[in-house]
Amino acid sequence: ELDASEEVPADAPRIAVRAGVIHTAGGEPIPDGLVVVENGQVLYVGAADGFEIPEGTPLLKAAAVTPGLIDAHTVVGVSGRLNIPADQDQDELSDPNQADAQILDSFNPAEPLVAFALQHGVTIVQAFPGRANAIAGQAGIFRTSGKTVTSMTVRFPSAVVFNLGEVPKSAHAGKPPATRMGTAALIRNALQAAANYRDKQKSATDAAADRNQKHEALGLVLDKKVPAVFSAHRSDDLVTALRLTRDFQLRGVLDLATEAYLVVDDVAAAHVPVLVHPTMQRIGSPETMNGCLGNAARLADRGIPIAIGSAFEAYVPKTRVPLYEAAIAMANGLGYERAIRAITLDAARILGIDQKYGSLEKGKAGDLVLYDGDPFEYATHVLYVIMDGKVVYDRAAALKKPRGGDDGAWEMSCCEQNY
């Protein structure tokens with residue numbers, strides 16, 4: 001019985017979770033399973049009768065358990081829910097080349113949408129700069145629980161983001177780029193300038209005397225230290241991204257990729273992973289009008305590594321829920337376990353953090369999401385979120401959270417209430 005869960009002290013060194021089914025992401029689902037987390041790491045995952053729970057260990061119960069969910073492309077933390085200039089920090093419009101812009105400097109741990117993502121099971125996000133600039137800047141991977149961006153950082157930089165398509169060619173009125181070929185040329189020239197700078201710095205007697213932050217950021221992708229993520233919707237833009245990746249021998253990643261199913265042979269031949277746009281993406285422009293609910297499935301069927309992200313929404317509430325997007329992909333050919341992995345282990349592999357995150361395996365981070373039903377059933381709730389072995393979200397407690405005053409009135413927290 002789910003209501004038989006025990007209260008978990010904040011300083012509990014160990015937590016046990018028993019569930020009707022555990023989706024480990026790294027193996028087969030475990031019916032009537034048990035996960036034990038100790039000192040922030042998974043100590044045991046397996047059959048409920050295969051481990052003797054130490055006395056005094058708090059026990060939580062759930063219908064289902066998954067690893068903490070991973071949103072491989074979001075602007076949560078940099079694009080706020082108020083949707084006013086004061087909380088929109090994803091696009092720096094002073095120059096179409098923002099290679100030196102660091103998402104660290106815009107990420108706001110106190111943004112309510114970070115808590116919103118957490119309450120829907122997301123424990124890790126890769127936060128991107130926005131779509132306006134041809135060279136958008138440096139992305140980062142963050143936890144969704146914490147007080148400072150420093151304490152929440154998993155990896156920075158995690159990628160340099162490039163944008164192709166409609167948005168970057170119209171973002172700078174009266175200034176280039178104004179066409180798709182202009183956007184590609186700007187990116188190509190910037191990469192070549194960075195390559196020239198790198199060669200010059202290697203032979204300079206005083207390399208620090210004339211440093212260029214833009215060139216150095218692009219040098220990270222030229223040296224394959226971080227991937228080059230190309231965000232694009234249309235098939236021709238995706239092919240341009242593959243061409244740039246090949247010409248400069250980059251560690252390329254396709255992002256959004258609404259029409260990737262139309263050029264699936266090219267994508268498969270390039271051996272690049274894809275961060276797939278939200279499955280339920282609305283048609284917002286001509287370049288998204290060929291959206292296909294089966295896009296993720298068609299890519300996965302060809303053996304292309306995929307993850308599903310929430311991407312960017314220009315309108316309130318500003319972010320989508322990866323769990324829901326994966327559910328629709330699941331129902332449109334991706335299948336249950338591949339859909340789970342697209343927001344857990346496969347996402348972690350693409351981001352290069354799978355040694356610690358993405359699946360429930362002994363020794364990995366104690367990140368769990370507990371549900372009161374099937375995770376992909378729309379009426380299911382997230383009961384608890386556990387990160388590094390600590391309960392960071394308890395739905396029952398959130399529903400009873402006092403909202404100001406001392407009149408004894410109990411209301412839902414603002415995120416539960418407004419969304």
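With values rounded to the nearest 0.5 angstrom, Ser158 atom OG is found 7.5 Å from Phe142 atom CZ.
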Query - CA sep, side-chain torsions, deciding dist, call: Tyr393, Ser145, side chain to side chain donor-acceptor pair (under 3.5 Å) - result: CA-CA 9 Å; Tyr393 174 67; Ser145 178; over 6 Å; no
Report task. Could you please spell out the steps behind the side chain to side chain donor-acceptor pair (under 3.5 Å) verdict for Thr258 and Gln281? Result -> CA-CA 9 Å; Thr258 297; Gln281 169 184 250; 3.1 Å; yes
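Salt bridge Lys364/Asp354: absent, no basic N to carboxylate O contact under 4.0 Å. Ionic pairing of Arg395 and Asp372 is not present here: no N-O contact between side-chain nitrogen and carboxylate oxygen is shorter than 4.0 angstrom. Ion pairing between a basic and an acidic side chain is recognised when a charged N comes within 4.0 Å of a carboxylate O; Lys169 and Glu287 show no such pairing. Using a 4.0 Å cut-off between a side-chain N of Lys or Arg and a carboxylate O of Asp or Glu, Lys318 and Glu111 do not qualify as a salt bridge. A salt bridge does not link Asp301 to Arg298: none of the charged nitrogens lies less than 4.0 Å from a carboxylate oxygen. Under a 4.0 Å N-O distance rule, the pair Asp236/Arg234 qualifies as a salt bridge.
The shortest non-hydrogen separation linking Ser235 to Leu262 is CB-CB, 4.4 Å. Listed here is the closest heavy atom pair of Pro375 and Ala64: CD-CB, 3.8 Å. Nearest heavy-atom pair across His120 and Val321 is CB-CG1, 3.8 Å.
For Gln88 (side chain) and Gly80 (main-chain N/O), a donor-acceptor pair under 3.5 Å exists by modelled atom type.
No side-chain donor-acceptor contact under 3.5 Å links Arg180 and Thr183. Under 3.5 Å, the side chains of Glu216 and Tyr197 contain a donor-acceptor pair of N or O atoms. For the residue pair Asn133/His172, the side-chain donor-acceptor check at 3.5 Å is satisfied.
The number of heavy-atom neighbours closer than 6.0 Å to NZ of Lys224, taken from other residues, nucleotides and ligands shown, is above 12. By the 6.0 Å contact criterion, CE on Met280 is enclosed, its count of non-hydrogen atoms from other residues, nucleotides or ligands being greater than 12.
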